[in-house]
2 protein chains.
Amino acid sequence: MSLETLNLTKNQQTVLDILESASEPLKAYTILFDIQKKGIKSPLQVYRALDKLIEIGKVHKIESRNSYIACKHEGCNAKTSTSFLICENCDSVTELTANNLFSYFSKQAEKNNFNYKKHNLEIFGLCANCKLKN
Amino acid sequence: MSLETLNLTKNQQTVLDILESASEPLKAYTILFDIQKKGIKSPLQVYRALDKLIEIGKVHKIESRNSYIACKHEGCNAKTSTSFLICENCDSVTELTANNLFSYFSKQAEKNNFNYKKHNLEIFGLCANCKLKN
DNA sequence: AACGTAATGTTATAATATAACATTTAAAAT
DNA sequence: ATTTTAAATGTTATATTATAACATTACGTT
């Protein structure tokens, strides 16, 4: 059984469910508040579930926002690297899958004699919807 | 007089000095601790100085580390966008200046009908020094 | 069943960052 | 030079984000 299809525990599944049903990235304490009726009482329970979900690639953290988002890509390989488009108007987030980013960044790193392992990329701007409205 | 050469206030200069003399990115409370002898007593004084320094491009924040680094580039245009190489072994940070990143990211964004404004990029791996040692 | 590993529950606390408000300084306008 | 305005400061309190420590429970493997 591969890591990706491992059964999640109750807490992990609860946290993943709420992230998957959210249209926007959520903060840890928002998640906590939303699922207290399901028996999760402390921040640590949320953070531990998030840690595991991030480890297996089901969830990514958006560093600049201290927010967490469920990955929609089947068998996402972004267990380590992440690339997001973040709308400054409506805060919606789209994950980029462009694999050529890897080779591009490797090259940029190589120029500095730096050995590329992974990356976080956050691109800010206006999403398609908000472009129309503004 | 351009923004870049504006005189800094006492607190701003104090914070910038310590960041410029540091070989590594510093955390806000590390800065606070280090400069308490210079009359800065509260976190807010540090954060306000950092905000201003970031605004004028003298300092950048490394989001994934909650750390701050002085910009070494004269007249750095990275008031908004930042690109870093971060060594996972020694935590040293190098800022990339590659301007072609802008056009590359614009194109990636455009594919998603997204209007690029700015970005944060953090590339993790091994720096030149640590590559040799490992 | 016994073992080892991972996950849980719980309380407390650490680390990071901002709100609110009164006061002072400095730049610009008159 | 004085007035006006915007920015920065000082201070206390508090909000937000995240982890430490430790006892207990569940679970897969043998």
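All figures in this text were calculated on a predicted structure; none of them were measured in a lab. Heavy-atom basis, side chains included; hydrogens, waters and symmetry copies ignored. Chain letters run A, B, ... following the sequence lines, proteins first and then strands; every chain starts at 1.
Summarising the geometry of A:C71 relative to A:G57, their closest heavy-atom pair is CB-O, 3.7 Å, with the distance given to 0.1 Å.
Taking atom CG of residue A:N66 and atom C1' of nucleotide D:dA15, one finds them 13 Å apart after rounding to whole Å. Rounded to a whole Å, the CZ atom of A:R65 is 16 Å from the C1' atom of D:dT17. Distance NZ (B:K27) to P (D:dA18): 11 Å, rounded to an integer number of Å.
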Going by atom type alone, with no hydrogens or angles, which donor-acceptor pairs under 3.5 Å involve a side-chain atom of residues 120-127 of chain A and a protein atom two or more places apart or on another chain?
{"from": "A:N120", "atom 1": "OD1", "to": "A:T82", "atom 2": "OG1", "distance (Å)": "3.1"}
{"from": "A:E122", "atom 1": "OE1", "to": "A:S64", "atom 2": "OG", "distance (Å)": "2.5"}
{"from": "A:E122", "atom 1": "OE2", "to": "A:E63", "atom 2": "N", "distance (Å)": "3.1"}
{"from": "A:E122", "atom 1": "OE2", "to": "A:S64", "atom 2": "N", "distance (Å)": "3.3"}

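End-to-end axis angle of the helix from C:dA1-D:dT30 to C:dT30-D:dA1, using five pairs per end and rounding to 10°, comes to 50°.
Between A:K61 and A:N66 the shortest side-chain heavy-atom distance falls below 4.5 Å. Looking at heavy atoms from C-beta onward, B:I86 lies in side-chain contact with B:R65 at the 4.5 angstrom threshold. Taking 4.5 Å as the limit, some side-chain heavy atom of B:K52 sits within range of a side-chain heavy atom of B:I56. Contact annotation: the side chain of A:D17 never approaches that of A:I35 to less than 4.5 Å [non-hydrogen atoms, C-beta and beyond]. Two residues are said to be in side-chain contact when any heavy atoms from C-beta on lie closer than 4.5 Å; B:L50 and B:I31 meet this criterion.
Residues A:N113 and B:K131 bring a donor and an acceptor atom of their side chains to less than 3.5 Å of each other.
Chain B approaches DNA chain C over the interval C:dT16 to C:dA20, counting the first and last nucleotide 5' to 3' with an atom under 4.0 Å from its heavy atoms.
Taken together through direct or relayed side-chain contacts under 4.5 Å among Ile, Leu, Val, Met, Phe, Trp and Tyr, B:I18 and B:L44 form parts of separate hydrophobic clusters.
Of the residues in residues 10-24 of chain B, B:N11, B:Q12 come within less than 4.0 Å of DNA chain D through at least one heavy atom, sorted by number. Listed by residue number, A:K41, A:S42, A:L44, A:Q45, A:R48 are the residues of residues 30-51 of chain A with a heavy-atom contact under 4.0 Å to DNA chain C.
Judged purely by atom type and a 3.5 angstrom limit, A:Q13 has no side-chain atom pairing as donor or acceptor with the backbone of A:K10. Under a 3.5 Å cut-off, the side chain of A:Q45 and the backbone N or O of A:K41 do form a donor-acceptor pair.
Taking OH of B:Y68 as the reference point, atom NZ of B:K27 lies at 9.0 Å (rounded to 0.5 Å).
Not counting sequence neighbours, the partners of A:F105 by the ring pair (Phe, Tyr, Trp, His ring centres under 6.0 Å) test are A:H119.
Applying the 3.5 Å distance criterion, the base of D:dA18 shares a donor-acceptor pair with the side chain of A:Y29.
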